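Step one of this worksheet: look at the structure below.
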Amino acid sequence: WIAEDSRMTSDRSQYRGYEIRLRQEWSNWCANIFPMRDDLPMLAMSQLRTLSSNPEEALAAAKQNVDEYLGTEAERRVA
């Protein structure tokens, strides 16, 4: 039980106001992204966009998705 809890914590990361939760699906890793503040939007994205062979690649893909989405949001507000 304790080992499972510590594994869950090590598979979580925070980035630009979002919590990224990594999990293993069969032999691949995927990420779920959740806003940590009320002023941030939920990201509508497929977990397949972050499907990777290792957790580092999945985390990097999730961060890129956040960057792309927040960049798009900022551009929409300016226009």
Side-chain angles (χ1 to χ4, degrees):
W1 188 266
I2 293 172
E4 183 179 332
D5 287 345
S6 63
R7 176 174 146 65
M8 290 294 287
T9 2
S10 66
D11 293 343
R12 292 180 185 208
S13 181
Q14 295 179 4
Y15 183 70
R16 296 184 70 182
Y18 287 88
E19 179 180 63
I20 300 171
R21 297 179 194 165
L22 300 177
R23 73 175 197 283
Q24 195 165 13
E25 294 283 335
W26 300 285
S27 61
N28 292 305
W29 287 83
C30 59
N32 292 62
I33 303 172
F34 302 95
M36 296 174 55
R37 301 188 322 247
D38 291 339
D39 63 328
L40 291 173
M42 291 288 295
L43 298 184
M45 59 171 256
S46 167
Q47 293 176 15
L48 295 177
R49 289 189 66 192
T50 60
L51 197 61
S52 303
S53 60
N54 64 57
E56 294 82 14
E57 289 177 5
L59 181 59
K63 287 180 177 181
Q64 183 177 355
N65 288 336
V66 170
D67 288 340
E68 289 173 2
Y69 188 82
L70 292 180
T72 304
E73 277 295 301
E75 292 167 9
R76 275 188 247 172
R77 284 187 220 141
V78 172

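Below, each value reflects all heavy atoms present in this structure, side chains not excepted, and no hydrogens, waters or symmetry copies. Quick caveat: nothing in here was measured; it's all calculated off a predicted structure. Sequential numbering from 1 along the given sequence is applied to the chain's residues.
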How far apart are the closest heavy atoms of A31 and A62, and which atoms are they? CB-CB, 3.8 Å

Please say which of N28, D11, N32 ends up in a side chain to side chain donor-acceptor pair (under 3.5 Å) with R23. N32

Single-linkage hydrophobic cluster F34~Y15, side-chain heavy atoms < 4.5 angstrom: no

Within this structure, what is the OH-CE distance for the pair Y18 and M42, rounded to the nearest 0.5 Å? 8.5 Å

Hey, what do you get for CZ (R16) to CG (D67), rounding to the nearest 0.5 Å? 5.0 Å

Between the CD atom in E19 and the CD1 atom in I33, the distance rounded to the nearest 0.5 Å is 11.0 Å

Going hydrophobic residue to hydrophobic residue with side-chain gaps under 4.5 angstrom, can you get from V66 over to M36? no

Which heavy atom of L59 sits nearest a heavy atom of S13, and at what distance? CD1-CB, 3.8 Å

Return the minimal non-hydrogen interatomic distance between S52 and A58, and the atom names on each side. OG-N, 3.3 Å

On a heavy-atom basis, which atom in S53 and which in W29 lie closest, and how many Å separate them? O-CD1, 3.8 Å

From E57 atom CD to L22 atom CG, the distance as rounded to the nearest 0.5 Å: 12.0 Å

